Every structure is written in C-alpha cells, then in structure tokens.
Number of protein chains: 2
Amino acid sequence: MRANDLETIGNSFTGSYSYTLDAKGRINIPAKMRKALNPANDRTFMATRGADPCIVLYPVEVWQQIAAKLLSLNKRRALHRHYTRNIARYAEALQYDHQGRIALPAGLIDYAGIGKNVKIVGMIDHIEIWEPERLEESDNQYADQLDDLDTISDEIFSLPL
Amino acid sequence: MRANDLETIGNSFTGSYSYTLDAKGRINIPAKMRKALNPANDRTFMATRGADPCIVLYPVEVWQQIAAKLLSLNKRRALHRHYTRNIARYAEALQYDHQGRIALPAGLIDYAGIGKNVKIVGMIDHIEIWEPERLEESDNQYADQLDDLDTISDEIFSLPL
DNA sequence: ACGTTTGTGGGTAAAAGTGGGTAGAATTCC
DNA sequence: GGAATTCTACCCACTTTTACCCACAAACGT
C-alpha cells in the first residue's frame with residue numbers, strides 16, 4: 001500500500017445532519033466528520049461550489065490532488081485557463097475553530113441559497129452543505145429515474161476491484 | 001511526492017476578492033494569499049501581462065521556473081526571441097509593504113484596463129488581477145462552451161491519481 | 001444520575017483593508 | 001551644478017472584519 005492511500009483512509013464521511021447558520025455566517029461541522037478528518041489536514045477543509053447547487057468541502061489533502069490536476073493543464077490554452085479559474089476562484093481554505101465551526105464565505109452562502117437551516121451530507125471523500133429545500137428538490141428530481149440509479153450501480157460494481 | 005510538488009503546496013492561491021486601487025496605484029494583496037506565499041519569496045511577486053487581458057502575479061520562485069524555460073528556447077530563432085521579449089519586457093518585481101499592498105506599474109494598469117475596483121483571483125500557482133467588467137466579459141465568452149469544459153473535466157479526472 | 005461531549009450564542013482583542021503624511025531618493029530643468 | 005519637482009518607500013491613523021475566547025443548554029454515554 002502506498003503512503004498516499006494510507007493518508008486517505010481517515011477521510012471518509014457519511015451521514016446527514018441538520019444544523020443552523022449563526023449570525024456570523026458560521027456553521028458547525030458534525031463531530032463525527034471532524035473526527036473522520038485526518039489530523040494532517042490541520043482542521044482545515046477547502047470549500048467550493050459544487051456541481052450541484054450546494055457547497056462542497058474537501059479535506060485539503062483531497063483538494064491538493066485536484067489542484068495538482070489543474071496545474072497539469074496547458075496554460076497556453078485560453079479554455080484551460082478559464083477552467084482553472086472557474087474552479088480555483090470559488091475555493092477557499094476554512095479551518096474550524098475550537099467549537100468545531102467554520103465561517104462560510106458570503107459568496108458560497110449565496111450560491112447555495114442558504115438561509116438559517118442547512119443539511120450537511122457525507123459523500124465519502126467530501127462533504128456537501130445544502131439548503132434543505134434544494135436538497136429535497138434535487139431528490140425529487142431523481143425520484144423518477146430509479147432505473148438509471150440501478151444502471152449506475154451495475155456499472156460501478158461490475159468494475160474489477 | 002516529488003520535492004517540486006512540495007514547494008508548490010505553500011504557493012497555492014485560491015478564492016476571488018474585490019479590492020480597490022488607491023490614489024497612489026497601490027492595491028492590497030488578500031491576507032490569505034500573503035500567508036500562502038512562501039516566505040522564501042521575501043514578500044515579492046513578479047508582475048507581468050497575462051495571456052488574458054489582466055495582470056498576473058507569480059511568486060518569484062515560480063517566475064524563476066518560467067525564466068528557466070525561456071532560457072532554454074533557441075536564441076537564434078526570431079520567433080523565440082519575440083516570445084521571450086514579450087514576457088520579459090513587462091515583468092517587474094513587486095514587494096508588498098507592511099500594510100500588505102503592492103504598487104502596480106502604470107503600464108500594467110493600462111494593459112488590464114483597471115480603474116478603481118479590481119478582482120483578485122487565485123489560480124493555484126499564480127494570481128490574476130482583473131478589471132471586474134472584463135472578467136465578467138471573459139466569463140460570458142465561455143458560457144456557451146460548457147460541453148468543452150465538461151470534456152476537460154472528464155479528461156483530467158478520469159486519469160489515475 | 002452525573003460527568004462529558006456537542007451544538008449554539010455572543011463579547012472582545014487582534015488583524016485586515018483603506019486612506020493619507022512625510023522624508024529621502026531620483027529625476028528634471030534651468 | 002544646483003535648485004525645484006516628482007516619486008517612492010515607509011510610517012501613522014482609522015474603520016471594518018475576523019479570530020479567539022467564554023458561556024450555557026441540550027444531548028449523549030456509562
């Protein structure tokens with residue numbers, strides 16, 4: 001096993017939690033997720049826009065792998081520069097305080113349409129922060145595509161281990 | 001992890017910030033970016049024209065790698081000399097003061113079309129300084145190429161880490 | 001039941017962002 | 001060459017924002 005694999009074992013996030021954003025824009029990170037975060041990350045997540053309309057938190061270790069891929073793009077190509085810009089510009093490192101909270105940037109709060117209540121969802125290697133109604137809408141949107149979900153399951157689990 | 005990758009961890013810039021140019025042509029560097037800049041750079045960035053119509057700031061360490069590549073070009077080929085000239089002629093070392101500001105050269109301010117307000121964008125290994133409307137125009141320019149951007153995603157994230 | 005952890009609220013000192021003054025260096029002009 | 005002028009690095013001042021701390025009630029585990 002490579003050292004890199006070992007580091008990542010801790011960073012496994014699951015479960016769904018309801019929390020509240022306080023007046024200062026801070027939000028609690030579930031204790032279980034704080035414990036799951038590898039200490040090498042120094043209590044720090046990279047927050048950015050999700051592909052879905054929510055906020056995504058990556059352990060810095062995971063983000064560094066994303067950043068490394070962005071650096072591998074050809075800087076002479078305008079489209080590649082734009083691609084990097086659109087990912088990097090919304091990303092910000094957030095370290096949680098001794099109460100276990102992070103302060104979400106206003107831009108990301110707007111993007112996710114977050115008010116006072118939020119849902120925090122574990123996504124194995126990262127975490128999603130949703131406005132509760134949006135999450136529900138998203139769920140409904142896929143409720144009539146259950147067959148497709150089965151297909152994805154088939155695809156994933158038929159892969160060689 | 002190679003030594004070169006390790007160096008880059010410190011000089012990793014993200015996020016986008018709105019700042020103002022003061023009457024003396026000075027602009028603040030976001031605190032998070034100042035902290036991200038490796039101390040070996042002695043609070044100094046190399047500023048030059050970007051390939052896009054904005055100002056680009058490189059940590060001197062990163063600039064030195066660019067300079068090394070330019071040196072490796074064939075000095076007997078006119079096109080190569082022209083390429084080197086256009087990068088080198090506008091480059092200037094800028095050290096930020098104890099308030100965290102750098103003084104932007106007038107030539108670069110003109111090139112980027114900067115007035116009072118600017119957007120500072122992290123690009124992982126370097127920083128861009130944009131006139132806000134130009135950045136928006138640039139974004140719109142790529143709005144109809146979402147498929148191409150998805151293609152980039154597929155290409156780089158399907159590769160093994 | 002009781003001590004401990006967790007989630008939430010809020011106060012305060014420090015840091016960040018912005019504006020402007022000034023003295024010495026560099027430049028210009030007679 | 002020397003005086004006048006511009007430039008620039010450095011400093012001080014002010015306002016806003018952030019980071020850090022204390023507090024407390026609810027939930028949890030034993």
Side-chain angles (χ1 to χ4, degrees), chain A residues 13-37 39 41-47 55 57 60 91-110 114-122 127-132, chain B residues 13-37 39 41-47 55 57 60 92-110 114-122 127 129-132:
Chain A
F13 308 101
T14 56
S16 139
Y17 304 84
S18 294
Y19 284 114
T20 57
L21 202 73
D22 70 17
K24 295 183 182 178
R26 295 174 301 188
I27 195 170
N28 200 1
I29 302 294
K32 285 190 179 179
M33 291 179 175
R34 298 200 301 265
K35 286 171 182 165
L37 181 67
N41 294 282
D42 194 30
R43 311 205 318 271
T44 307
F45 290 94
M46 287 296 302
I55 300 173
L57 301 182
V60 285
E92 225 170 301
L94 303 177
Q95 185 181 45
Y96 60 80
D97 64 18
H98 289 286
Q99 276 67 22
R101 293 170 296 193
I102 56 173
L104 291 177
L108 288 178
I109 291 178
D110 287 346
I114 289 174
K116 182 153 179 61
N117 296 104
V118 300
K119 279 273 188 187
I120 301 185
V121 181
I127 297 168
E128 289 181 349
I129 302 176
W130 286 82
E131 195 284 318
Chain B
F13 307 101
T14 59
S16 80
Y17 303 84
S18 294
Y19 283 115
T20 57
L21 203 72
D22 70 17
K24 296 182 182 180
R26 296 175 301 187
I27 195 170
N28 202 348
I29 303 293
K32 284 194 175 184
M33 291 180 177
R34 297 200 302 264
K35 286 173 182 164
L37 181 66
N41 293 282
D42 193 31
R43 312 206 318 270
T44 307
F45 290 95
M46 286 297 300
I55 300 173
L57 301 182
V60 285
E92 210 167 316
L94 303 176
Q95 186 181 44
Y96 59 81
D97 64 20
H98 289 284
Q99 276 68 24
R101 294 171 295 195
I102 56 173
L104 291 177
L108 289 179
I109 291 178
D110 287 347
I114 289 173
K116 183 155 178 60
N117 296 104
V118 300
K119 279 273 188 187
I120 301 184
V121 180
I127 297 168
I129 302 177
W130 285 81
E131 195 285 317

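Here the structure is a predicted model, which means the values were calculated and not measured.
B:Ile29 comes within 4.0 angstrom of sugar-phosphate atoms only, judged by non-hydrogen atoms across all strands, and of no base. Heavy atoms of B:Lys116 sit under 4.0 angstrom from primed sugar atoms or phosphate atoms, though from no base atom. Here B:Asp97 lies out of heavy-atom contact (under 4.0 Å) with every strand.
With rounding to whole Å, B:Ile102 atom CD1 is found 12 Å from D:dA9 atom P. Rounding to whole angstrom units, CG of residue A:Leu94 and C1' of D:dA19 are separated by 13 Å. Distance CD (B:Gln95) to C1' (D:dC10): 12 Å, rounded to an integer number of Å. Here the P atom of nucleotide D:dT18 and the CG atom of A:Leu104 are 12 Å apart, to the nearest Å. Atom CD of B:Glu92 is separated from atom C1' of D:dC7 by 13 Å (rounded to the nearest Å). Taking atom CG on A:Asp22 and atom P on D:dT18, their separation rounds to 13 Å, with Å as the unit. Atom CE of A:Met33 is separated from atom P of C:dG7 by 11 Å (rounded to the nearest Å). Straight-line distance from the CG atom of A:Asn117 to the C1' atom of C:dG7: 14 Å, rounded to whole Å.
For the pair A:Ala23 and A:Lys32, both in contact range of DNA chain C, the more 5′-proximal nearest nucleotide belongs to A:Lys32.
Using a 4.0 Å cut-off, no side-chain N or O of A:Arg101 falls inside it from OP1 or OP2 of C:dG10. Within the 4.0 Å cut-off from OP1 or OP2 of C:dG17, at least one side-chain nitrogen or oxygen of B:Arg34 is found.
Annotation: the span from B:Lys32 atom NZ to A:Glu92 atom CD amounts to 4.0 Å, rounded to 0.5 Å. Between the CE atom of B:Met33 and the OH atom of B:Tyr17 there is a distance of 5.5 Å, given to the nearest 0.5 Å.
Side-chain atoms of A:Lys116 and A:Thr20 form no donor-acceptor pair, as typed in the model, at a separation below 3.5 Å.
For B:Tyr19, taking side-chain heavy atoms from C-beta onward, the closest of the listed nucleotides C:dT18, C:dT8, D:dC20 is C:dT18. With C:dG9, C:dG19, C:dG11 as the candidates, the nucleotide lying closest to the side chain of A:Lys24 is C:dG11. Each of D:dC22, C:dA16, D:dC12 was ranked by its minimum atom distance to the side chain of B:Gln99; first place goes to D:dC12. Set against C:dG7, C:dA16, C:dT8, the side chain of A:Thr20 has C:dT8 as its closest nucleotide.
Checked by distance alone, B:Arg26 brings no side-chain donor or acceptor within 3.5 Å of a matching partner on the base of C:dG17.
Considering B:Ile27, B:Ile120, B:Ile129 in turn, B:Ile129 is the only one that fulfils the side-chain contact (heavy atoms from CB on, under 4.5 Å) rule with B:Ile55.
Considering every non-hydrogen atom in both A:Pro132 and A:Asn117, the closest pair reads CD-O, 3.1 Å.
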